[in-house]
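As structure tokens, the structure follows; a few thoughts come after it.
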Amino acid sequence: MEFRDFNDARTLARWLEERDENKLDALFKSALEVKRRFRGEGIYLRGLIEISNICRKNCLYCGIRSGNRNVERYELTDEQVLEEARFSLEAGYGSVVLQGGERSDGVFTERISRLVYKIKKLDAGGGRGLGITLSLGEQSREVYREWFRAGAHRYLLRIESSDRRLYESIHPSGPLHGYDNRIKALEDLKSEGYIMGTGVMIGLPGQTVEHLAGDLLFFKKIGAAMVGMGPYIPHPDTPMGASGVRLCPDSSADAGKLLLSLKMVALLRHLLPGANIAATTALQVLAPDGRERALLAGANVVMPNMTDVSVRKNYQLYSGKSGLEDTAQDTKDKLVQNLDRLGIRVEWNEWGDPGKQMPDCILGNR
Ligand code: SAM
Ligand code: SF4
């Protein structure tokens, strides 16, 4: 079977509709082979710290949107964030991700600079310390620059859907949630020197395989070096989730969304062989081994949750989030056990960024 010419929207859409198990099995195996060839045998870990659920935005799908009055708002203290970062360092994760609601006030932006700076200083052993990824929404170019100077070098900002109309249908109208702002932010991040990551939700109402094929080509066009794609999972306290929330797991719908997500990962691995592709946490909602299956379909990054158990329940973007009662150590133990069982090797204490020596691979120009 030929796995060439994934640069064509119709080919991608056909694969996204493919149901033949043998063909799909071959696609996943081939993606894993491409991942091994371009990114090596192992995978990379980034400790995820959900610093706060306070957000100025009101995205129609998100459980921590500003309009949701049923959420208890929290902000981790500096000490909590540093403790979780220290755990990540000692656990051998190599990197952390600071993720949270979007805020643009000076108190917040200065606090992030301070935290990034302190996290960089944590390594007393003379190493280069933790790699720092930020995922804190749209900011001005000056703020991105300030955070980069403090020591962050990667940024995750999903486009959610690269199709303007679909994007607009899942966000409130008005400039705060505008599509053009999102595109500008992604361009700004690249210009400021970040390793830029983006991604989409899969299975949105009104989304077609043509939209998803367009998303894959968008990642390549915009020069994403990291991609995080996960299933859309309704949250009952959101405008989009209020009507469509399942009361009990719907296994056939879940299986369909999981398969679609795995196909997206495998196709993207062929399109962007050198990129970092996340096996996202939301996959675990659809199947307990959802993340591991994504790793076997070409993904190479996992973000184990570090967030303090006392606030985990307040950072529920979607319903059914797993591991709400787990400590950072529990999360690590379970993950390592699952990876060991599948023979998936972890590259401990590594940043694992796409190599500058292979820009053609990142851009997919093989
Ligand atoms: N506020 C920042 C932002 O929006 O980029 C970072 C945190 S935000 C909660 C991280 C991601 O969560 C979003 O980009 C979105 O794709 C995802 N998300 C939010 N609600 C979701 C849902 N109901 N199902 C799946 N993913 C969701
Ligand atoms: Fe805020 Fe991000 Fe959720 Fe939108 S997706 S409401 S920006 S946390």
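Counting starts at 1 for both ligands and their atoms, in listed order. Along the sequence shown, residues carry numbers from 1.
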Worksheet item: Short list, please: which atoms of ligand 2 are under 4.0 Å from a heavy atom of Lys57?
Response: 6 (S), 7 (S)
Worksheet item: Taking both backbone and side chain into account, is any N, O or S atom of Cys59 nearer than 2.8 Å to atom 1 (Fe) of ligand 2?
Response: no
Practice prompt. State whether the shortest distance between N or O atoms of Ser135 and N or O atoms of ligand 1 falls below 3.5 angstrom.
Written response: no
Discussion item. Geometry only, no angles: is Arg182 polar-contacting ligand 1 at N/O separations under 3.5 Å?
Written reply: no
Worksheet item: Between Ile233 and ligand 1, does any nitrogen or oxygen pair lie at a separation below 3.5 Å?
Response: yes
Discussion item. With a 4.0 Å cut-off on heavy atoms, is Gly100 in contact with ligand 1?
Written reply: yes
Worksheet item: Does ligand 1 have any atom sitting under 4.0 Å from a heavy atom of Pro231?
Response: yes
Discussion item. Going by the closest heavy atom to atom 3 (Fe) of ligand 2, which one wins out of Cys62, Gly63, Cys55, Ser52?
Written reply: Cys62
Worksheet item: Looking only at N/O atoms, are Gln99 and ligand 1 under 3.5 Å apart anywhere?
Response: no
Item to complete: Run the contact test for His235 against ligand 1 with a 4.0 Å cut-off on heavy atoms, strictly below, and give the result.
Response: no
Discussion item. Please report whether the ring centroid of Tyr144 lies less than 6.0 Å from that of Tyr155.
Written reply: yes
Worksheet, complete the sentence: ligand 2 to Ile64, heavy atom cutoff 4.0 Å, flagged ligand atoms 8 (S)
Practice prompt. Using a distance threshold of 4.0 Å (strictly less than), state whether atom 25 (C) of ligand 1 has a protein heavy-atom neighbour.
Written response: yes
